[in-house]
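Working notes, structure below.
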Amino acid sequence: MKFKAMDKKTIPGVFHNNTFIGLVLIAVMFLFGLTVNHNFLSPKSLENIFTNASLLAFASLGQTLVIISGGVDMSIASCISFGAVASALIMKGSNANIPQALLVLVITGLLVGVVNALGIIYANIAPLVMTLAVSNVLNVIQLIICNGSPTGSLAPAVGFLGKYKLVSVLSMITFLLIIAAIFVYFGLKHNNYAKQLFAVGNNRNAALLAGINVNKVIVITYIISAILGCLTGMLLLGYVNFPYINMGASYGMLTVAAVVIGGASFAGGKGNFLGTIIGSLVLVNLSNILVAIQLNDAVKNVINGLVLLMILVFYTREKAIRQ
Amino acid sequence: MLAAKSISKQYGQTKALDQAELSMKPGEIHALLGSNGSGKSTIAKVLGGLVGKNEGEITIDGKEIQLRSAKDSLAQGIALAYQDYSLVDQLTVEENLFLNSSGTLKMGFIDYKKRFDQTFQILKQFHISAQPDTYVGSLNESDKSLLEVAKALVYKPRYLILDEVTACLHRDQVLVLFDILRKEKKEGLSILFISHRFDEVYELCETVTIFRNGKTVITTDLTKVTNDDIVYYMTGQKETIKKQHNEKQAAEKKEPLLSIQHLGVGTQVNDVSLNLYPGEILGVCGLQGQGQSEFLRAVYGSRKISRGNIIYKGKRLTKFSPERSLKSGMAFISGDRNSEGIFADRSIFENINISRSALRFIFHGIRLNKSMSEANQLIKKLDVVIGEIGDPASSLSGGNQQKLIFARDLLLNPSVVLLDDPAKGVDVKARSEIQGILRGLSDKGMACIYYSSDYKELTAVSDRIVVFYEGDIIAEFNDISEEIESDLAAAMLGATRTEAE
Amino acid sequence: ENINSGNSNAAAGNTTASAQSSAGENTAGKKNINIVFLEGTDSNSWRTQCENTMQKLADDYQSQGIVAKYKLMVANNDATTQIQQMEQAIQDKVDLILINPVTTTGLSATIDKAVAQKILVMSVDQHISHPNVISVTNDQYKWAKIQADWLVKQLGGKGRIYRMDAIKGAPASDVRAKAFEDVLSQNPGIKTIAHDYGMWDEGKGKQIMTQWLATDSNYDGVLCQDGNAVGILEAIETAKLPYPKAITSDEYIQYLKKWKSINDAHPDNPLHAIIVENPPSIGALAMKIGVRLVQGDTLKDGALASDPSDPGHKNALFYNPTVVITNDNMEQYYEKYKNADDSAYIDTDMTDDLVNTYFK
Amino acid sequence: MMHTLMIRVENKMKKSQAYSAYIMLLLLVIINLLIQGAGFANVSTINSLFLVNTPLILATIAQAVVIFCGGIDLSIGATISVVNAFAITAGQYMPVPLAWAGAFLIAVLLGAVKGSIAAYLRVPAILATFAISTLLEGVALLILPNPGGSIPSSIYSVYGGVFAGFIPISALVIAVVLIGYGIVNRRPLGAQIKAAGANPRSLFIAGVSVERTKMKAYVASGIITGIAGLCLTALASSGDPKIGNALSLNSIAATILGGVDLSGGWGTVGGAAAGALFLGIVNNIIFFVFNNIIHSSTFAGIKLSYLQQLLTNIIIILGLSSSLLTHLKKRTEKEEKDK
Ligand SMILES: Nc1ncnc2c1ncn2[C@@H]1O[C@H](COP(=O)(O)OP(=O)(O)OP(=O)(O)O)[C@@H](O)[C@H]1O
Ligand SMILES: Nc1ncnc2c1ncn2[C@@H]1O[C@H](COP(=O)(O)OP(=O)(O)OP(=O)(O)O)[C@@H](O)[C@H]1O
Ligand SMILES: [Mg+2]
Ligand SMILES: [Mg+2]
């Protein structure tokens, strides 16, 4: 039944489909990467691209939900940093301490999510600004818990998740992402929470009158986002192998870009994780091509900005008023 | 003369206009009728420059014109009042009226005094109870609707198109509006009047064009067609619409399902007490802003109550929220579907199932196949015209969207349904179908509180009618027939003649 | 001809005199000194360690009565916040402003005000181009040159290397990059295969190195600035490739430990790495010098040099890196640091004897 | 007489969309006066407060104008860096006034570019300007690879001076910008910009080009950003290709503190300026408290510098919550009106 609508899609329809453009774009980038460096598509290079894209996609998973709900979460980067630093501090290199670490990350995520949501719901602060402010606070807390210099180290099991390679291009992280993606795909289709989330994002007022506990949905969404952020921090720690301050800083706006390139709209009510994964691949590809090109850093910044802008123009044009 | 010739407009799979024809003569008030989704608003928007046509041509006095934006239309003397308004809530009344008008400029700068005076005059003329510097967001629906017309008139157009502007107006406001329109008409203005209220059409218009499925069926003098003819042209079916009023004796008044005692809501509702019995449809009548909307919302839990008790199924309610009400078997349907009903970007399927998902634990799983077939059944039962069940709700016409909301609540088998002007903008046929469904369910024991801005609708559907005036119930009618309409009208205006039977 | 940053009477040559005389009148042995340290950011552990050594020293001074008040203010990388903090410190009439600047040039007008109030301003860790400011920094040029020379020698003057600088536009990174370039240009046998910026971010370093290795694993050495070497080694290990013939510094204890563990695992084929210290105690050194200047002591002639980024002024006090760790002395330093935190840095105590070498 | 005047002022305040921002600012000033006493209320303190915060205040006004029209600009900071880098670099090759005019024009031009991308290409402004900010950070580095350069000291002494003995020149710059935007507001464009943000469809229906209106807002914002960049250049008296970068996020936080609605169409430039000044005064209080009142170096084992940052952010969150005041206010007003 659900495929019926797909059958009818005409060819021009496909061109308006973000997933399709995304795949084309990735193909184009691969080709371009090949011209820059003939090893760009070697298994090792692909593995690296997929692993980094998977990390970004993990970081963007919560962001996807928050953007669907009509908000935005700028505190993810600080959750990642906190998650990495705190879990190293607690794990102290021993698998036995993983449960405690997980507990602390989940509780922190819970608190951060609740504070974010309370500010947004009750104090009526714009999500962008509220989560930014909370992010600043969390960054300081990160400094406080380790007194400015991270100590401890990761447990072997976490290192295994972060660095083990299953086969050729498939790292453990990518594998985990695939599992998460399948889980989220069915979750978004077959779960009450997802339906309510989309409804809240699309029309908050109507959702309220349709009997949805809108505040509950929003609180849960920010909590999920913050918890996933903290857990991503643990995974990133596994990948990098040791903690340092502000490890997740570069993920902030990138998660937003990945989600929006993935087809979600800032207005809320639209988006899916598959698109976010593609968005992450596009962004990581871009950054890896820039690594492959030999250029002055300043020029790279300029190119990075221009290409990103072009991708956005391709992808995220809003509807015209006149139809 | 403004003429639209064989206009077609395609939205994805939907053909909204199919070789439609329409013309407007100077000094004439022309009606445009058609069922929900027949393309009335679409052609209006084409003429307003808001929607681009795929085929056809538009001429003024025989010369073809191009309408690429609203600016073009305004330049050609065409102005519109939109069904879903074109006002900016965040701006004041005067800023809205003169958003793009040189009428109030002095050397390029706004002449505040002149603008204020002009706005003041307009507000007075339309009987809108607001100051020029009131923010539009704080106006109520009917004032907005009037302001929408006033805004269109500010452009001093030659062609004025009014898309269901009377849908939420009360009789006295309609009369004010019609006076203004007739006066403008005398000065040569050509008016296109889109409405689902036939009596108003007969009262105001001389000629009529009827649309069906995006095609023009007929254009004729209104004197040459009867009510039944119109329905035939609109629907293509010969059957007359049945009066839904039931002959059943008043519900047995033993245990009230819902008992409201001395309810107060802020300053809007003072002290309202009433009982609702199983199986009855209780009509609520009143001018806009007499507290009825707040009353319904307070019962449903989306407005805070300040005084009084609500006893439901024998228990006194203590904590209120829409979620709780829904879980206890209440449902609420608002006629303001854009902001309070429809999830425009979500699928028809999701729109129907959303309230049911709200009933369950938030992480509960959904069995897609089962709910899909239930949704399909309901769509068939309510005769909702859709493309695919996976299409977004925005692809439906207004009336069909409203039916979706009914489907959503019927899925829950509620024991009490609270309706806030649910048939606003719904065509005659759909309206009578909806009323039929309500009646069918109430025969099985469901109770309704049904508010409508149209008292004819109320006499057709209610078992009993209460009249709200300034936050109190000032009259109650137990024996409903068409004869009480004049009494209703009087009571609505505050005539304190308690009709205790 | 009035294009001159700040005080027009401060000619480039005699800055020593003006910097000292501004604070040097009748202050011999001055007690109860008020000090403010304006920190640009504390979001990395080097800065934290620097702050900690300064705090410890200030506590000492306080117990001796030399310092009355020592305060640390952080500007979170916001230039205007830092300017505001300096303005307020001036209003508060402190005696000594130590600053690790967010902007190395943007404070000059504010510094002029401090100078006019006879407040001594000293820059820590980064060089400020202002005639009246003495910058106390590690000699980043020498730091980088020692390593680049070592790398060239290790590779025997020829080979293919990857090069990673830190941040384009960050003064320390740029000075080090200049030293790298100077050495490389004299050794045409060394070919740079790829060059990028690791942002002082180990994760970023790992990502870049992984990408490099994935596309070209035929290389001999890695010339990198600190903050990336551990990530680079991680990338090499994850890719299961042999270690390079030579790799340069990271001053984390973590790097030292990693090095040791690699050597322990391959006793016959040790990792050829080098660590040149970049001691966080530079902040304490600056404070010691600052306090003595406030107390009226005078710098030795020739103590001041000019910073490579600011050839026009002679206003830099360099700390010469003395700790250079290679396989020759690695075990010895490992023993010294094996109980330290991983994220701590190799450091050197800035003794009074050392301080005396700067003064008359 | 006095009494009716007070009532009129009060009514005007209540009607103002920046009501809460002004109250908050006033509150903070009072708190600061209580803590610092006369130390705060003197010409040189006030002058230095304005002098340092004028770039942020102007950047916030520029941000507010873009937010009015439904956009947001994450590249204001990078634009200011470009202005600074250009003014200093070009100043070495041409007369300083010419270089400054060029730098200013670049900001205006960049405003137009951002406007076209947001309005005509209809890319969500937050992402478009994020990309642009990456780009401009590169451009600033290309123009001025290393921090350095200087300006005639006379510029700083004018910028840092006071007029008529007590009015900071920098505050006059802010006043000029506010008056300038006030003039825009006296033309239909003011309301049109807000309509473009709140309900572009309505603006289109009113026959006004939404694209052009947004364009004008971005250009106006570019003009103000240019002035902000020049003020920062005057303040720093030198060039640094990263000097403005922190202003992007700070200006957004400040607009919200100033009662501007991030979803467009609501707020005033005066409120925005008040929001920015709020941030400046918070920094001022924090410095004073931690430098002069608290005398230990740790508190409960936590370094004071961390507490200082924590406290700053918590005050900002409290400030942000104060929009709750106007929110409630709006709600009750609406309820009264419904009656
Ligand atoms: N933006 C749109 N996208 C897709 N389909 C649309 C859109 N707008 C209208 N339609 C479709 O075009 C048809 C005509 O709609 P229109 O709004 O003109 O109907 P109408 O006659 O005004 O109905 P109503 O009386 O309910 O207002 C409907 O089938 C509707 O579903
Ligand atoms: N003489 C005028 N009379 C009335 N309104 C004016 C006048 N001049 C300008 N305006 C208003 O001020 C705004 C700015 O005017 P401007 O001429 O710059 O652009 P515009 O009229 O919107 O665009 P266009 O280039 O399409 O003419 C306009 O939106 C317009 O509504
Ligand atoms: Mg319609
Ligand atoms: Mg014009």
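In what follows, chains carry the letters A, B, and so on, assigned in the order in which the sequence lines appear, proteins first and then strands, with residues in each chain numbered from 1.
Counting heavy-atom neighbours within 6.0 Å of Lys144(B) NZ, excluding the residue itself, gives a total above 12. No more than 12 heavy atoms of other residues, nucleotides or ligands sit less than 6.0 Å from atom CZ of Phe186(A). Within 6.0 Å of CZ on Phe175(A) lie no more than 12 heavy atoms contributed by other residues, nucleotides or ligands.
Using a 4.5 Å cut-off between heavy atoms, Ser321(B) does not touch chain A at all. Using a 4.5 Å cut-off between heavy atoms, Ala207(A) contacts chain B through both its backbone and its side chain. There is no contact between Phe349(B) and chain A, counting heavy-atom distances below 4.5 Å. Both the backbone and the side chain of Ile366(B) come within contact range of chain A, each with at least one heavy atom under 4.5 Å from a heavy atom of that chain. With a 4.5 Å cut-off on non-hydrogen atoms, Ser69(B) touches chain A through its backbone but not through its side chain. If you measure heavy-atom distances from Arg360(B) to chain A, the contacts under 4.5 Å come from both the backbone and the side chain. Using a 4.5 Å cut-off between heavy atoms, Leu418(B) makes no contact with chain A at all. Residue contact with chain A, scored on non-hydrogen atoms closer than 4.5 Å, involves the backbone of Asn338(B) exclusively.
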| For Leu209(A) and Tyr300(B), what are the C-alpha separation, side-chain angles and deciding distance, and is it a side chain to side chain contact (heavy atoms under 4.5 Å, CB included)? | CA-CA 9 Å; Leu209(A) 289 172; Tyr300(B) 187 57; 4.0 Å; yes
| Can Asn203(A) and Ile342(B) be said to form a side chain to side chain contact (heavy atoms under 4.5 Å, CB included), step by step? | CA-CA 7 Å; Asn203(A) 189 340; Ile342(B) 277 292; 5.6 Å; no
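Of the inter-residue distances, the one linking Asn213(A) atom CG with Leu326(B) atom CG reads 11.5 Å to the nearest 0.5 angstrom. Atom CG of Leu359(B) sits about 10.5 Å away from atom CD1 of Ile212(A), to the nearest 0.5 Å. In this structure, CD1 on Ile354(B) lies 8.5 Å from NZ on Lys195(A), to the nearest 0.5 angstrom. The CD1 atom of Ile362(B) sits 4.5 Å away from the CD atom of Gln196(A) when rounded to the nearest 0.5 Å.
In terms of heavy-atom pairs under 4.5 angstrom with chain A, the leader among Arg68(B), Lys9(B), Arg367(B) is Arg68(B). Comparing Met330(B), Glu340(B), Lys327(B) by how many heavy-atom pairs each has under 4.5 Å with chain A, the most go to Glu340(B). The residue among Ser357(B), Gly301(B), Ser371(B) with the most heavy atom pairs within less than 4.5 Å of chain A is Ser357(B).
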